[in-house]
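Here the structure comes first, spelled out in structure tokens, and everything after it is commentary.
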Amino acid sequence: MKNPTVSSKDINSHPAAAMQVLVSKEIAAHIRSWRFNILILLIVLTFGASLYVSSMGLKDAVSNMRDPDQSFLYLKLLTTTDNSIPPFHVFLNFLAPLLGIALGFDAINAEYNNGTLTRLMAQPIYRDNLLFAKFLAPLIVVGTLFIALVLLMIGGGLLGTGVRIEPQELLRILGFTLISVLYVAFWLSLAILLSIRFRQPATSALTAIGIWLFFTVFFPILVNLAIRPFLPNPNYISEQEYLAYNELILNLLRLSPSQLYTDATTTLLMPSVRSLGPIAMEQMVGAIPSPLSFRESFLMVWPQVSGLTAAMMICFAWSYYIFMRREIRS
Amino acid sequence: MKDPIIQLTGLTKSYGKVIAVDKLDLQIYPGEIFGLLGPNGAGKTTSILMMLGLTEPTAGTAYVCGHNATRNPIAVKRKVGYLPDNVGFYPEMTALENLCFIAELNGLTKSYAQACAKDMLHVVGLEQEMHKKTGAFSRGMKQRLGLAEVLIKTPEVAILDEPTLGIDPKGVDEFLELIKRLSKEHNLTVLLSSHHLHQVQRVCDRVGIFVGGKLLVEGSIEHLAHNLQQQEGVTTAITLEAPGDMARFEEALKTLPGFRKLTVTGYSIELQTDADVTAAAVRLLVNSGANVVAVSRNDYKLDDIYNTYFENSITTKTAHEKSNGFFKRYQ
């Protein structure tokens, strides 16, 4: 064996090094995979389409004097639509789960079925390094993708319109990006959890898609069905009670991560949104229809952001727990 | 004697009521090739996983390279290369990339890992396939790549779990020769698990026979054969041309040293003695006027070792061996 002599500079025994190697391998594998490229194409296409639609209607939106948000050109670019297709953040509400699921549904069980897990575990790395790498790598890729997209949008807007971007707009757009990544992170950690739980990638993918469909399609219907029998006729109850019921329904809907995401992005991208629930006329008295500051909007969505983070953490902690105790052998 | 590099004391693993490994005590010394032999389901893989700290033992300790494998698995994994029984690689990566990845995980820098990986692929004879994706690799090529991966971390101990499984006979020969050569060149300790005694005996310095979670015997193959001979004696079968004065022959044979038992069936005599007395027995018979036409001596060979120790388990386990081990035994 022609084994070159090992010098100290060839060995990097820093514990973070193994993690780095794992993450970069994962990123490379994702970027090279067909699956990810198709998803990127899908997202870039929807982004392009919604941007095209919004830039067509931009002139009307910006010159609409009755809209308190009319001066935020770049937020308008993200949210305006002529109703032919939904704006990007609504699209993302559907696509982000798909992205998260697609990047995570075979994270562990594919390694298991390929026979690479035992081999990997026999290397001097900690078991949780693998789990972290499986979680971090897709997020880095998705984060880069989203940031690149919004920066492209801002750049394009600057070139096309010549309008200066408000610092507040930039913050809001970055906040939107961050929350989108967080939303993807939730679905990713759920998918990883299922990939540990189920041996077959197909089973875990189907289960994840099932959960996603449940939350986007059936959950609102279910909440409606569950509440309706208890709901008195709105004509016979006081306004207070009516509001309380409304609040209850909204809170139940907020158990769904997609509702949290919708709330959070709508508030961030539309500065004039003042409340996520019903407001009484009395509360509105004296309010000037003006946009909120970034800080106020952010404070408003803080519960949503922490809710999403908590859901993600629970999924991740759970997968961590079952993965650490899992027998490695096949 | 040197300090053992692998020391297992009272290693036990039970899954619920099923005891996979039962109080295993084993010492393996630096530089030797040890064969862990046993039928499938004997607990070989479980023992190996415990040595690597991948499975927690129910009781007992495993010290490998001076580290407790359960408490300090990372230190053990740094010094031990492991080739699992169903080794797999990332199918979308090339052989070189797969190897570099593992090398980098072991702390080698990128450029050094690249150089090392190329060397290793040369050693195991895969230099032509370096840039092929491993998805297209045959079983034998995967095993070779697996061996390259074990070697690239310059281990002190190499643990190979069923390394010959699924390779054709010629490939097995080459593979075992490679292991033997590398072990001698680098003073590498090798622990080899297999259910294929015929292959293992060629390379192993010592073997341990492991059945039903218990280590029944350990020692060199010659030692085992010798022990078996002590236990069972030597059987010599002598065939005569025509039945002569059988009673006289019997009397003569009974005077042989270490005589145990004698059975006469038709023209043939079966003689059991402590040690080999074939020549003396034939001389005696000839002197007594018998016409000897055939003599066969029963040496205790591998098959007997195998049968004696695996007997019980073979009859119950052959039906579901991992990958047609049943046929392989009769190759």
Okay, A/Leu120 and chain B: the region with an atom under 4.5 Å from a heavy atom over there is side chain
> Any chance the rings of B/Phe89 and B/Phe137 have centres within less than 6.0 Å?
Replying inline: no
Of the listed B/Glu56, B/Lys153, B/Glu92, the one with the largest count of heavy-atom pairs under 4.5 Å with chain A is B/Lys153
When the 4.5 angstrom heavy-atom criterion is applied to B/Lys110 and chain A, the contacting part is neither
Heaviest contributor of heavy-atom pairs below 4.5 Å to chain A, chosen from B/Val87, B/Val76, B/Asn98, B/Ile102, is B/Ile102
Applying a strict 4.5 Å limit to non-hydrogen atoms, the region of B/Glu97 in contact with chain A is side chain
Only one of B/Leu37, B/Leu215, B/Leu26 passes side chain to side chain contact (heavy atoms under 4.5 Å, CB included) with B/Phe210, and that residue is B/Leu215
Worksheet item: Does the separation of the ring centres of A/Phe132 and A/Phe316 fall below 6.0 angstrom?
Response: yes
Original post:
Which word best sums up how the rings of A/Tyr261 and A/Phe176 line up, parallel for under 30°, tilted for 30 to 60°, or perpendicular for over 60°?
Top reply: tilted
When you look at B/Arg139 and B/Leu165, which way does the side-chain contact (heavy atoms from CB on, under 4.5 Å) test go after all the steps?
CA-CA 9 Å; B/Arg139 171 90 203 182; B/Leu165 199 71; 4.2 Å; yes
